[in-house]
Amino acid sequence: MTTTLHTPTQTACRAVFITTLLVFLALAAALVVVQLAGVLLLRPEWITWASATLLVPSITTAVVFGLTGFVNGYLVPAETTGAEEGPS
């Protein structure tokens with residue numbers, strides 16, 4: 001039987017991956033919701049504010065998210081082999 005062991009580096013990379021994904025989705029959703037509200041309520045300053053305030057942090061977290069996913073793809077888990085069991 002083969003067991004996959006995750007290294008501390010893989011665990012940290014996974015945590016950063018999930019965290020940046022959630023932060024990116026929250027920022028992007030906030031950006032879209034505020035801009036949509038600005039369009040529906042005829043408030044152009046809301047659209048401008050959302051773009052000026054949320055766009056750069058959203059893109060930055062997306063870049064970190066993508067790079068973390070790329071690096072995580074190169075971290076191969078170590079495998080340990082136990083006693084092989086025959087068919088039951």
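Computation of the quantities below employed the complete heavy-atom set of this structure, encompassing side-chain atoms and omitting hydrogens, waters and symmetry-equivalent molecules. Given the structure is predicted, the values throughout are model-derived calculations rather than measurements.
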Point to revise | Expected output: side-chain Gln10 to main-chain Asn72 donor-acceptor under 3.5 Å | key: no

Point to revise | Nearest heavy atoms of Thr68 and Val64, plus distance in Å | key: OG1-O, 2.7 Å

Check your understanding: So Ile18 and Leu22, side-chain contact (heavy atoms from CB on, under 4.5 Å) or not? Walk me through it.
Key -> CA-CA 6 Å; Ile18 291 171; Leu22 294 176; 4.1 Å; yes

**Study point:** Set of ring-ring contact (aromatic ring centres under 6.0 Å, His included) partners for Phe24, sequence neighbours left out
**Key:** none

Review point. What are the two closest heavy atoms between Val34 and Trp46, and how far apart are they?
Key: CG1-O, 3.7 Å

Check your understanding: If every non-hydrogen atom of Val71 is compared with every non-hydrogen atom of Cys13, which pair is closest and at what distance?
Key -> CG1-SG, 4.5 Å

**Study point:** Side chains of Val39 and Ile47 in contact at under 4.5 Å (non-hydrogen atoms)
**Key:** yes

Review point. Out of curiosity, does Val56 fall in the hydrophobic cluster containing Val63 (side-chain heavy atoms, cut-off under 4.5 Å, transitive links)?
Key: no

Check your understanding: Linking I/L/V/M/F/W/Y whenever any side-chain heavy atoms sit under 4.5 Å apart, do Leu67 and Leu75 land together?
Key -> no

Exercise for review: Write down the atom of Leu42, the atom of Pro44, and the distance for their closest heavy-atom approach.
Suggested key: O-CD, 3.4 Å

Practice item. Could you check Leu31 against Leu55 for side-chain contact (heavy atoms from CB on, under 4.5 Å), going step by step and ending with a plain yes or no? Key: CA-CA 7 Å; Leu31 174 66; Leu55 185 63; 4.1 Å; yes

Review point. Are Leu27 and Leu21 connected, step by step, through hydrophobic side chains (Ile, Leu, Val, Met, Phe, Trp, Tyr) whose heavy atoms are closer than 4.5 Å?
Key: no

**Study point:** Gln35 (side chain) donor-acceptor with Val32 (main chain) under 3.5 angstrom
**Key:** no

Review point. Is there any side chain to side chain donor-acceptor pair (under 3.5 Å) pair reaching into residues 51-62, and which pairs are they, with sequence neighbours excluded?
Key: Trp49-Thr53

